[in-house]
Number of protein chains: 2
Amino acid sequence: MRFACLLFSLALAAPAAAHNPTRIPDAAFDTATRLRAQALADGTAWQVLESLTTEVGPRLAGSEADARAVAWAKAKFVELGYDKVWTEPVTFPKWERRSEHAEVVGDQAQPLVVTALGGSPGGTVEAEVVRFADLAALEAAAPGSLAGKIAFVDYRMARARDGSGYGPGSRVRSRGPSTAIGKGAIGYLMRSAGTDSHRMPHTGMTRFDEGLTPIPSAALAAPDADQLARLLALGPTRVRLALDVGWNGEYTSQNVIGEMTGASKPDEVVLIGGHLDSWDLGTGAIDDGAGVAVTMAAGHLIGLLDRRPARTLRVVAFANEEQGLHGGKAYAEAHAGAVARHQIVAESDFGAGRIYAFNTSAPDHARAAVDRIAQALAPLGIATSDKGGPGPDVGPIAGKGAAWAWLGQDGTDYFDLHHTPDDTLDKVDPAALAQNAAAYTVFAYLAAQAEGGFGSAPAPATQD
Amino acid sequence: MRFACLLFSLALAAPAAAHNPTRIPDAAFDTATRLRAQALADGTAWQVLESLTTEVGPRLAGSEADARAVAWAKAKFVELGYDKVWTEPVTFPKWERRSEHAEVVGDQAQPLVVTALGGSPGGTVEAEVVRFADLAALEAAAPGSLAGKIAFVDYRMARARDGSGYGPGSRVRSRGPSTAIGKGAIGYLMRSAGTDSHRMPHTGMTRFDEGLTPIPSAALAAPDADQLARLLALGPTRVRLALDVGWNGEYTSQNVIGEMTGASKPDEVVLIGGHLDSWDLGTGAIDDGAGVAVTMAAGHLIGLLDRRPARTLRVVAFANEEQGLHGGKAYAEAHAGAVARHQIVAESDFGAGRIYAFNTSAPDHARAAVDRIAQALAPLGIATSDKGGPGPDVGPIAGKGAAWAWLGQDGTDYFDLHHTPDDTLDKVDPAALAQNAAAYTVFAYLAAQAEGGFGSAPAPATQD
């Protein structure tokens, strides 16, 4: 992340003197105003989201449903009137979840609701549990002090509109297991990285440092973390953790891409999108069916205009974001030679809450156009901001020099649902979803009609 | 229920002329005022609830944890200073839940979150699903029309402070399976009788009419009912329902009873209590750990007084309420000859929400005492009411003529959690629990100190 920020700073610092000011024609602004009203009253995003989450349902990358999701996306782009629809392969290791179970054993025997962390190995361990209040406490444990034990990191993630609690929360997931192995642990449990208090564990990827032998690693639902902490306060507590999960070969999925071909500058591309895969516990409504639906709907609405905008609008449903941005990385590799043709990129992948903030990496010469886009977004309750960055899947192409925009969503409740069984359609507010679609429609249309660019240029070579 | 109401009406209508007016001495009222303040500031109910839900956890009647719950209750009564502690046997058929699974099969394959209804047989069925909006629609289906199909009743239970939505909601559970069998169905699914929208199915008992061959029967979590309804709207949908559950012999549990022996009228009993068993999905915090905790705490607080009240306070932790009021029925049978010695009975079994209403079956001659109790409860936000009735487990003894009181709890959110995995300690508000304990303390103390009775008398013989 720090590396990515450095790159964006370099992009911002690139000489801009050679550029004429980028501007939005008045006619385009007027059309955007009409599109905004139309999108707010339009049900396309909801219909697309309902279709994906109902007909495909959960779609773990590499699962049988992954292929169904790809077929669904291709068909949906066609149905929505996109001019070109194609796929690009994305290959990744396949991780499977077959069953997962945890229980306290002994005099206080009782089940615990857990879910395996993505990337965990399978296996059954039964051992005494040692609790740590946070990752730092685990890191401070003496090497070997957890020999034969299960480590339990009981860190409570903080709620925040911008999701800032997820950084420390998800580090407990990504770094905890390897840290625990370093202390001798044979299993790993964590309080879910989430903000709810339901019997809903939050899954998500972990990774094991090279050279370590991975250990079964799982997240407890918040009430189960509470329970385990109370039991441990009463005395030694043994837990049996049985995971039937693990890596199983490779799988090739697809980034699914739909385009509305630009009327006058078809080689210049405004890219928006979301990721098509979901975790398997829910139906991926907010993560990230909403992002796919909102951006597909935006392209559809723009496609209904009498005339295509000047530039091509490309909507990408990325493959396998959840397990390591595989779709976004594959896209950036496949299009590495065309970075400068990506006028600007933006991804929706932070739920289905209302968009409240707008920012972009665009340089000074695009300021007038950016201000005009902000002006068109303002009636949606969206203010300009100096926060944010590209979404996860457009991060790699932005890292190669593409300009990015950020349409920041209210994530106050996002981590109540994120990566849980409760990520289902009923949790989405249709009005908020329409507001999102309106914002992406306005942004994408104006970016595609802008005269001049937003600063995309191949980034200087780095020692990545 | 109608039968029970009739009995209570008969009790109310019993001749009262022979009684002197029942009254509360001023000194008792003053003591109750002090007890109320003490109880509101006291953590005993919370500590008891935390202990039960943590150390025993889920305690399905007949399970290994049932015996641990009985041992816990005996020890807790002793720890809380009760004068006498004993158990009385309760025998019932044992129902076990081992595993449960449902999934849509075919082109839209996906798991569905279900839980078996208590009393369901095990078995695996895979069939096309037929949806009915409510029980009446299922009842209206032609005999044989569901041959080889799975019936799905998609009724949405209404939210209400008094829980009045649960009557029609739970009838879908109790009557649905037998009705479906009558139409030829081979499996039964229902939208959970609940008011939440989480991936939390609500379990609870069903019963099969005599002469029918029971069919696997389960409740879908609300989002899964939504999903199945959407899939059915798109076309024929097949579901595989696999339940490994069922009856397995008999079990003898115990009603666990603690008494504070009356100082001057030890043979006269004020009975309060809750039920000790819980469903297995959660830890039974609101159903009914709270009832056990509140009433145990009330007796404890009364026991801390310098002098016991005149009458005996009996607190009962009833066995196996969930599967058919087995503990309450056994209690009423065992004490059938002592109905008149039960001055008044009350049970807490409607969650852990604040008590807002008070009512009693007491006749006119006890009006002054009832008004005085109401006056002592009023500062807790409790108003007199003409609603309510005895709790489920004291229903049988009330049916035999014992006077009852009702301390009505706010159940607005009760059916969000009731019978789900989410019935856990974190859902209980400690302040509301203390308010409950204060109300039971005040009520029980004043009833035990009242001069005169509340109308208990053996009910006339009936043709039950």
Side-chain angles (χ1 to χ4, degrees), chain A residues 50-60 63-65 68 71-72 97 99 101 103-104 106-113 196-201 221-235 237 278 280-285 416-417 420-428, chain B residues 50-60 63-65 68 71-72 97 99 101 103-104 106-113 196-201 221-235 237 278 280-285 416-417 420-428:
Chain A
E50 177 173 335
S51 172
L52 174 59
T53 58
T54 303
E55 297 164 43
V56 181
R59 46 200 180 277
L60 185 69
S63 70
E64 170 271 338
R68 286 196 283 123
W72 172 90
R97 185 194 316 272
S99 76
H101 183 78
E103 61 190 314
V104 174
D107 291 345
Q108 295 157 332
Q110 53 188 287
L112 295 170
V113 175
D196 63 301
S197 58
H198 294 290
R199 298 294 288 286
M200 297 282 168
D224 299 81
D226 293 342
Q227 184 82 334
L228 186 53
R230 282 191 296 266
L231 286 166
L232 286 162
L234 294 171
T237 303
S278 78
D280 49 338
L281 303 181
T283 62
D416 289 349
L417 305 169
T420 77
D422 239 352
D423 179 3
T424 50
L425 182 64
D426 53 296
K427 308 308 184 303
V428 177
Chain B
E50 176 172 337
S51 172
L52 174 59
T53 58
T54 302
E55 295 164 42
V56 181
R59 44 200 182 278
L60 185 69
S63 71
E64 170 271 338
R68 286 197 281 124
W72 172 90
R97 186 196 314 273
S99 76
H101 182 77
E103 60 189 314
V104 175
D107 290 346
Q108 295 157 334
Q110 52 188 289
L112 294 170
V113 175
D196 63 300
S197 58
H198 293 291
R199 298 294 287 287
M200 296 282 169
D224 299 82
D226 294 341
Q227 184 83 334
L228 186 53
R230 282 191 295 267
L231 286 165
L232 286 163
L234 294 171
T237 304
S278 77
D280 49 339
L281 304 181
T283 62
D416 290 348
L417 305 169
T420 76
D422 238 353
D423 179 3
T424 50
L425 182 63
D426 52 297
K427 309 308 184 303
V428 177

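All chains are named by letter (A, B, ...) in the order of the sequence lines, taking the proteins before the strands, and each is independently numbered beginning at 1.
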Give, as side chain, backbone, both or neither, the part of A:Leu281 having an atom under 4.5 angstrom from any heavy atom of chain B. backbone

Minimum heavy-atom separation for A:Pro223 and B:Lys427, please, with both atom names. CG-NZ, 3.9 Å

In Å, rounded to the nearest 0.5 Å, how long is the span from CZ of B:Arg199 to OG1 of A:Thr283? 6.5 Å

Greatest number of non-hydrogen atom pairs under 4.5 angstrom with chain B, of A:Met200, A:Arg59, A:Glu50, falls to A:Met200

Value for CG (B:Asp107) from CD (A:Glu55), rounded to nearest 0.5 Å, stands at 10.5 Å

Starting at OG of B:Ser51, measure out to CG of A:Leu234 and round the result to the nearest 0.5 Å. 8.0 Å

Heavy-atom pair of closest approach, residues B:Ser197 and A:Asp426: O-OD2, 3.2 Å

Which atom pair, heavy atoms only, marks the closest approach of B:Thr54 to A:Gln227? CA-NE2, 3.5 Å

Check whether B:Ala222 gets within reach of chain A through its side chain, its backbone, both or neither, counting any heavy atom under 4.5 Å. neither

For the atom pair CD (A:Glu64) and CD (B:Gln110), what is the distance rounded to the nearest 0.5 Å? 10.0 Å

Looking only at heavy atoms and a cut-off of under 4.5 Å, which of A:Thr53, A:Asp226, A:Val113 has the most pairs with chain B? A:Thr53

In Å and rounded to the nearest 0.5 Å, what is the CZ to CG distance from A:Arg230 to B:Leu425? 4.5 Å

